[in-house]
Amino acid sequence: MDFGIFQMIANIDRNDIKRSHFWNLTLFGHHTLHHMFPTLDHALLPQLNELFLDTCREFEIQLREF
C-alpha cells in the first residue's frame, strides 16, 4: 500500500474545530494533513485543504472525521 493511504487509515480529523485557527493549533485540527505533510507549519495546512479533498475524491478515499 501507499504511504498516503496508510496515513488516511491511521488518522481521523475533528470537524468541530476547523473554523478556528487557535483550536486547530491546540487541538490537532487538520490532523490527517499534518501526517501527510509533517514538516509544514500548521498555519499553512488550511491552504492545502481543498487540493487535498480533491485528491481524496480522485482516488476514492474518504477523509475520516468525527
Side-chain angles (χ1 to χ4, degrees):
M1 283 181 109
D2 181 81
F3 169 81
I5 294 173
F6 280 133
Q7 293 304 313
M8 296 291 291
I9 292 169
N11 293 292
I12 191 164
D13 275 12
R14 291 184 58 173
N15 62 4
D16 61 336
I17 61 171
K18 287 190 176 182
R19 290 180 218 104
S20 167
H21 182 66
F22 173 75
W23 293 117
N24 274 313
L25 292 174
T26 56
L27 297 173
F28 303 110
H30 302 290
H31 196 209
T32 303
L33 271 173
H34 162 70
H35 280 270
M36 297 294 282
F37 305 102
T39 59
L40 286 181
D41 188 313
H42 266 74
L44 300 175
L45 295 179
Q47 297 175 25
L48 296 174
N49 200 43
E50 282 304 312
L51 179 62
F52 177 65
L53 292 175
D54 289 342
T55 304
C56 288
R57 283 189 285 273
E58 180 182 341
F59 288 93
E60 299 177 354
I61 299 170
Q62 188 171 1
L63 176 65
R64 297 182 328 141
E65 295 181 310
F66 76 91

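Between H34 and H31, the ring-plane angle classifies as parallel under the 30° and 60° cut-offs.
Atom CG in L48 sits 10.0 Å away from atom OG1 in T55 (nearest 0.5 Å). To the nearest 0.5 angstrom, L33 atom CG is 8.0 Å from L63 atom CG. Between N11 atom CG and M36 atom CE the span is 9.5 Å, to the nearest 0.5 Å. Between Q62 atom CD and L53 atom CG the span is 11.0 Å, to the nearest 0.5 Å. To the nearest 0.5 Å, the span separating CZ on F6 from NE2 on H35 amounts to 15.0 Å.
The side chain to side chain contact (heavy atoms under 4.5 Å, CB included) check on I61 picks up I5, M8, F59, with sequence neighbours excluded. Residues that satisfy the side chain to side chain donor-acceptor pair (under 3.5 Å) test with R57, not counting sequence neighbours, are D54.
In this structure, F37 and L44 have side chains that are not in contact, with every pair of non-hydrogen atoms separated by 4.5 Å or more.
Between H30 and P46, the closest heavy-atom pair is NE2-CG, 3.7 Å.
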